[in-house]
Amino acid sequence: MENWFVNIAYALTNWLTGLGLSAGWADFILLVVQWVCIIIIVTLNVIVLIWLERKISGFIQQRLGPNRLGPFGMFQTIADAIKLLTKEDIIPSATDKLIFRTAPMFFIIISVMLYVVLPMGENMVIADLNAGVFYFISVGSLTTICLLMAGWGSNNKWSLLGAMRSVAQMISYEIPLAFSLLGVIMIAGSMRLSDIAAAQSNVWFIVLQPVAFITYFIAATAELNRGPFDMPEAEQELTAGAYTEYTGMRWALFFLAEYTNLVAVSALMSTMFLGGWQGPFLPSWLWIIIKTYLVMIVFMWLKWTFPRIRMDHLMSFSWKVLIPVTLANILVTGIALQVFKGMGW
Amino acid sequence: MLQTEQYTINIGPQHPSTHGGLHVEAVMDGEHIVDSIVHLGYVHRSVEKIAESRTYPQFVPYTSRLDYLATHLPTLGYCQTVEKMLGVTVPERAEYIRVIMAEFSRIASHLLFVGSLAIDLGATTGLIYCFRDRERIMDIFEMTSGQRLIASYMRIGGISHDLPDTFIPAARSFIADFPKMIEEYEGLIVGNEILQARLKGIGVLTAEEAIEYGVTGPNLRACGVEYDIRKADPYGIYDRFDFDLPLGSKGDSWDRLLVRIEEMVQSVRIIEQALEALPEGDIKAKVPRIIKPDKGSEVYHRIESSKGELGYYIVADGGEKPYRLHVRAPSFVNLMVLPVISRGEKLQDIIANIATLDPVLGESDR
């Protein structure tokens, strides 16, 4: 059970080379298969996630949530997806058409790109880059541009306000996000995500880096544009922020991309702080799924409990609280590492 | 220096947080509000004009639709105005039931205030919690009048139906559970630090400004002015009850929230006393079928609605319909301070300010 997926991949490569393909071509086809798998998993997972979010929000708000379609309303999201697919795609005449059309596509592409470096289990990673964390952060920050494109292309004041907010917010929160991961990288001594996960076989980094975990969690919430930091969308203020003018499947792509981001960031969090694939009894890929879902449930819990923070409070919180705290954390971690090294630990 | 430009942004009339058809034209400098203009009239139904073509009893249901969030209060004000005109004395039991229903309406309105403030600040769950408890008040209204939202329960000279047997247990169980509800709101909404940061010091209305603009109700009391018509000019039997006036000190949005929460507690106190003292007897005074006040009689009567001073001014011409009826709508007056308190604040603050001024557009547009 442990090596199901790894074995499938080996079998596929062997079969392809057996057909007379060169090793390079076999690798390329395997890559394509992996990509298709990721896209399918991401899409199906989002369907489950939206259902879960609605059920959790229903539980928090003392109501039932979706309960009509299928067992526990599980097919509700599928019905919604079909509805969105068949909806009219309205592009307002005053928009910048090219930017308006491409923004959701870029958003979803960038979100899926994040999965390249994420280890989904032991030996289960598409490209085990030696700068995996760096890749993740830099690709993740590109989503800002998509939101700005959506806001600018819509040619709508609300959209532009939402886009400007998201740019300010995401750039400010990128810094504490990266800084809080630095502590973990210093301890693990590697930026390769599989090394970091392997380094937690004795103790999870959440124990060694509790401050970094909390700051990362807060910064990630802001980075994901989820409540209480859902400034760019801010339904009650900006109607729907950058997404105001989007309809049908274009709007759904944004939705899809946001949830894809949520899964990716939660998976990164479980890899960096919660021991990655490490865990007893169950296979490694199941452990990472369990941990990722637990992190996501906490994200949802926060979203459905807190009111939205104000924009200027948000900025001052990042620059005056989070960044100094993460810097201090890096300093303390560095000193502690040297002290322990001196003690011969 | 970068050249910047001011721009206008239309908040409403189609906007999630304007509590109905309110249109605020905001002149913005980035996220800062330079000036704002309130445009009203999107829910105008010419209620005052309709009154001129309806007989006095026929107009009662229309008043229920003025402030539909506190349905009994505008109806009570209208009925008392006509009673004052005719010189009718309402039976004791009816008076007590009126007070109970009016205070329940006040709680329902303030619960909606807390809930809609929460959702305007992005805390969706707060709304659902308040609605869950408001639902019980709606059930109580349904028991008595058969209607939930717009009850039209009051009649000129009394009330339409006597209380059903299920009423007193339902009211008492609501009162018993009320402290627990308040505790929940304190934990979920009021105690939240993000919410406090967003409300404290925001939308400050000074007592002088409030009086100049004619602001009444909880919005005025949040500025520290001790003025409540239930105390200042008691109508009905309000002089018999013992309750406090919660006062704010700074007049900011935070005070407006706290004042309303404390007011709900005081309303529950009034309901408790009224339930204790509820006498048996008639529920409706003898009022002629066709009401024809004397020609030339004019009357103004005001009550403390959940939004402020709700007044009716009726001029009779001897016929069975009013010659002219005017509603002094507190929401209308209160909304006029929105530009004053929002000047120089952020876009997110004006949303909170609209929510804490608690306008009902059905009442302000009439």
Nearest heavy-atom contact between A/Trp158 and B/Asn10 is CZ2-O, 3.2 Å
Decide yes or no for B/Gln348 and A/Arg165: does some side-chain heavy atom of the first lie under 4.5 Å from some side-chain heavy atom of the second? yes
Side-chain touch B/Lys346/A/Met311, heavy atoms, less than 4.5 angstrom: no
Is a side-chain N or O of B/Arg198 found less than 3.5 angstrom from the main chain of A/His313, in a donor-acceptor match? no
With a sphere of 6.0 Å drawn around NZ of A/Lys87, does it hold more than 12 non-hydrogen atoms of other residues, nucleotides or ligands? no
With only heavy atoms counted, which part of B/Tyr7 is less than 4.5 Å from chain A, the side chain, the backbone, both or neither? side chain
If you count the non-hydrogen atoms of other residues, nucleotides and ligands that lie under 6.0 Å from CD in B/Glu193, is the total more than 12? no
Within-4.5 Å side-chain heavy-atom neighbours: B/Asn192 and A/Pro307: yes
Less than 4.5 Å to any heavy atom of chain A: does that hold for the side chain of B/Ile202, its backbone, both, or neither? side chain
Heavy-atom check, side chain of B/Asp349 versus side chain of A/Arg310, under 4.5 Å: yes
Minimum side-chain heavy-atom gap A/Met164-B/Glu31 below 4.5 Å: no
Quick check on the interface: out of B/Leu195, B/Ile11, B/Ile9, who has the most heavy-atom pairs with chain A under 4.5 Å? B/Ile9
B/Phe332 atom CZ: more than 12 heavy-atom contacts under 6.0 Å: no
Whether over 12 other heavy atoms sit under 6.0 Å from B/Gln6 CD: yes
Could you give the side-chain donor-acceptor pairs of residues 322-329 of chain A under 3.5 Å, partners two or more places apart or in another chain?
{"residue": "A/Thr326", "atom": "OG1", "partner": "A/Leu322", "partner atom": "O", "Å": "2.8"}
{"residue": "A/Thr326", "atom": "OG1", "partner": "A/Ile323", "partner atom": "O", "Å": "2.8"}
{"residue": "A/Asn329", "atom": "ND2", "partner": "A/Gln209", "partner atom": "OE1", "Å": "2.9"}

Closest heavy-atom pair, B/Thr125 versus A/Gln61, reported as atoms and distance to 0.1 Å, is OG1-NE2, 3.4 Å
Looking only at heavy atoms, which two atoms of A/Thr305 and B/Leu188 are closest? And how far apart? CG2-CD1, 4.0 Å
Please collect all ring pair (Phe, Tyr, Trp, His ring centres under 6.0 Å) contacts where either partner lies in residues 173-202 of chain B, sequence neighbours excluded, each pair once. B/Phe104-B/Phe174, B/Phe174-B/Phe178
Between A/Lys157 (side chain) and B/Thr8 (backbone), is there a donor-acceptor pair under 3.5 Å? yes
Answer yes or no: does atom CH2 of A/Trp51 have more than 12 heavy-atom neighbours from other residues, nucleotides or ligands under 6.0 Å? yes
